[in-house]
Amino acid sequence: MAMSTIQPFLTSCSSFIRKNRKRMEQLQQHSAATTTPNQSHNQSLSSKTNSPLQLPGTAANEKTGGLENGFANDFDSGTGSIASTSNANSPGPTERSSFLSVSQMVRQQSDTTHNNRRLMRSSAVCDDRPATSCNITREKVDLENDLHMLSPNLQRPTKLVTVVDKQTNEEYIKLNQYRMMEEIGQGSYGIVKLAYNEHDKNLYALKVLDKIKLVKNFACFRPPPSRKNKPVPSVLKNPLQLVQREIAILKKLTHPNIVKLVAVLDDPNDNYLYMVFEYVERRSLLELPTENPLDEETAWKYFRDTLMGLEYLHFQKIVHRDIKPSNLLLSETEQVKIADFGVSCEFEGIDAFLTGTAGTPAFMAPEALTEDSSVFYSGRAQDIWSLGITLYALVVGNVPFRDEYIIALHKKIKNDPVLFPEMPKISEQLKSLILGMLKKDPGHRLMLHEIKQNEWVTKFGLAPMPSEEANCQLVTVTEEEIENSVRVIPRLDTLILVKAMGHRKRFGNPFRNREAAGGSVRMRRKSSSVKDPTYVPPLSTASAVQAQNSGLENTEERLKTDRPDAKPLEVGIETISLRGKNGYHDKPLPTPPPIPPRRNQIASCSDVPP
Ligand SMILES: Nc1ncnc2c1ncn2[C@@H]1O[C@H](COP(=O)(O)OP(=O)(O)OP(=O)(O)O)[C@@H](O)[C@H]1O
C-alpha cells in the first residue's frame, strides 16, 4: 500500500488524538461516571448474511509456539506449553488477602518446611492498614485522569462483530471500517497489522489469526492418545479455544495499563479471525538481551505502571502467566500496557491454582517447573516471580537464569541464587526488592501489596502507589451510555452562542445587533424542541443582512446555502429565522430550565470540535 496515502492519516490521527485528549478531560470533568468494572458488557452483533472472505497476504504464520516449550534461552519470544489449569476453589470471606493464606497449596509446593513461619507471616500481612480517605481521593483523581487519557473508544466494551465485509482496491484492503496498513509484528499465532478506523479516525493494531491453521497445527502437535488409565488433561485446549479464552478475558478489561481489545471481527464464513486492539505506538518495552538496559528512574516508572496493571488483573481474578518485557507495550505517552493474554487464566476465590507449565521458560517460577499435574501452585505468586525477572531484565539487560537447554535452565531457576553483575550499578533498595520477588519459595515471596509499599517503589514513601480501591474500581462506560451522550456540535460559534444564552438565561441571540441588522433577525422559541433538524447556528450580523437581502425565508434554504455542513444540535433551543413577508412576533422569552447533568456524559472524540 502506498505510504503516501497512509502518511497523512497517521499524522492527522496522532495530532487529532493529542488535541482531543485535553478536550476530553475538560468535558469529562462535568460527567459523573460510576459503573463497576465487573459489569456485563453489551455485545453488538450484526446479523447480515455473510459472504466468504479470504485475506491475501495476511496468512497467520505457521509457528506452533505455545504448544511446546521451545528453547530454554528463547526467553523473549514464544510461550511454553499449555497443559495447565486454573482452579476455582477456596473462596472465603478474607478474599482480599494473598496466595500465602492458601496454606494448603503453599504447603504442597513449598521446598522448605517453615510452615509455621509462613502462617505467622500470613496473618501479619493481613494487617494492611487502609489508606487515608485523603489519599484515596487524591489517588482516585490521578487515576481518573489517567483513565480519561483513554479515548472513549477504549472505555467501551469490546465489540463482537460477526459480519466482516471485505473491500479491496489497489491501495488497501478494508475490513468493515478498518483499512489494513503495514505489518507491525508477528506472534506465535498470527500477524499484527496497523489498521486505520475510518469511523473514529484512529489507528488500531489488528491481530489476524488463521482459524484453520490454528486447528491444523494443533492436530499435528497434540499429545499422543492417553495410555492405560491416564487421561489426557481436559484443559489442553486447541489454539482456537485458547484464542477464544483470551478474547473472553480481554473483553472484561478496561485499565490504562492493560492493552484494550476494542473489537473482535469473527465471521463464521471467514477463515480469519481479527482482534482489534488499541494501538500502542512504541511497542515493546525492551528487546532482550540488550547492552542498553534502562536506568533505574525509567525502570521505576515502567515498573509502577506494570504493577498497577497487574494489580487490576489480579483484582479481576485473572492471572497473566506470561509477564515479560516483550509483553509490556509502551505508548506514546510512555504508559506501559500489559499485552498478550494467550496463556492467561481466570480464577474464582482467592487465587488461581495452577498445574503444568505455561509462559516463557526464563520467566517461569521454580514451583511452576513441574509436569506433575497433581501439584498445584499459586498463579498470583507465579506472576510476581515473572514480574521480578522482568524488573531484573529491565535494569540489567538480561534475565538472571539462562541456559541453552531447558532442563538445565529449570535446574538453575530452581537452585541457583540471583546474582547481579558489577555493571550496571544497581541500588541496594532495588536489589533487595528484586530478591524479595524472586524468593524460590512462593510462601516467602513478596506479595503485590507488599511490593506497592516497598521503599524503592514508593521512593521511601514520597511517591505512594494508589490503593487497590483507587486502582481497580475504575469507571467503565457502556456502549449505550456513550451513544446516548454523544452530542453533535456543529461549530465553535454555536458553542459560544449557547454558553452566552446560558449566562443571560435567555434564548435570545446575545450577539445580535438589532441596529446593524436592521432588526431583521429574531429568535423564535420552538416549543419542546429537543432535536431540531432545522436548527442553524447564528449568522454573523453581516451574513444575516446578506441572507435577508438574498430573500431567504427559512432555515432550510439557509442551511443549504450558508452552512451545508451544519448538523442538528441536541439542545432545547429556538430556531433562528429571518424576517419574512409577514414580519415576526417580538414576544418575551421564558427562562430556560437548567439542563440537568447526565451521568457518563462524554462526547466521542470525533465529535468534539477542533
Ligand atoms: N496493541 C498493539 N500495539 C502495537 N503493537 C502491537 C500490539 N499488539 C502487538 N503488537 C506488536 O505485534 C507483535 C506480536 O504480538 P502478538 O501479541 O501477536 O505476539 P507476541 O506476544 O509477540 O508473541 P506470542 O503470542 O508468541 O507470545 C508484538 O511483539 C508487538 O510488537
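Read the numbers this way: they start at 1 and go in the same order the structure lists the ligands and their atoms. What you see below is based on every heavy atom in this structure, not just the backbone, and it leaves out hydrogens, waters and symmetry mates.
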Determine whether any heavy atom of Tyr279 lies closer than 4.0 Å to an atom of ligand 1. yes
Salt bridge check, Arg179 against Glu171: does any charged N sit closer than 4.0 Å to a carboxylate O? no
Exercise: identify the closest heavy-atom pair between Pro442 and Ala381: CB-CB, 4.0 Å
Measure from atom 20 (P) of ligand 1 to every heavy atom in Ile191, Asp340, Val208 and give the option owning the shortest one. Asp340
Output yes when a side-chain donor or acceptor of Lys440 lies under 3.5 Å from a complementary backbone atom of Asp416, and no otherwise. yes
Test your reading of the model: is there a side-chain donor-acceptor pair from Arg245 to the backbone of Ser344, 3.5 Å cut-off? yes
For [X], take its heavy atoms, then give the atoms of ligand 1 lying under 4.0 Å from any of them.
| X | answer |
| --- | --- |
| Val259 | 1 (N) |
| Asn327 | 21 (O) |
| Leu329 | 1 (N), 2 (C), 7 (C), 8 (N) |
| Phe277 | 1 (N) |
| Ala205 | 1 (N), 2 (C), 3 (N), 7 (C) |

Below the 3.5 angstrom mark, is there an N/O of [X], backbone or side chain, next to an N/O of ligand 1?
| X | answer |
| --- | --- |
| Asp322 | no |
| Glu278 | yes |
| Val280 | yes |

Would you say the side-chain atoms of His255 and Asn471 include a donor-acceptor pair closer than 3.5 Å? yes
Side-chain donor-acceptor pair present, Lys324, Thr360, cut-off under 3.5 Å: yes
Does atom NZ of Lys411 have more than 12 heavy-atom neighbours, drawn from other residues, nucleotides or ligands, at distances under 6.0 Å? no
At under 4.0 Å between heavy atoms, is it the side chain or the backbone of Gln186 that contacts ligand 1, or both, or neither? backbone
Apply salt bridge (charged side-chain N to carboxylate O under 4.0 Å, His left out) to Glu297 and list each qualifying residue two or more places apart in sequence or on a separate chain. Lys459
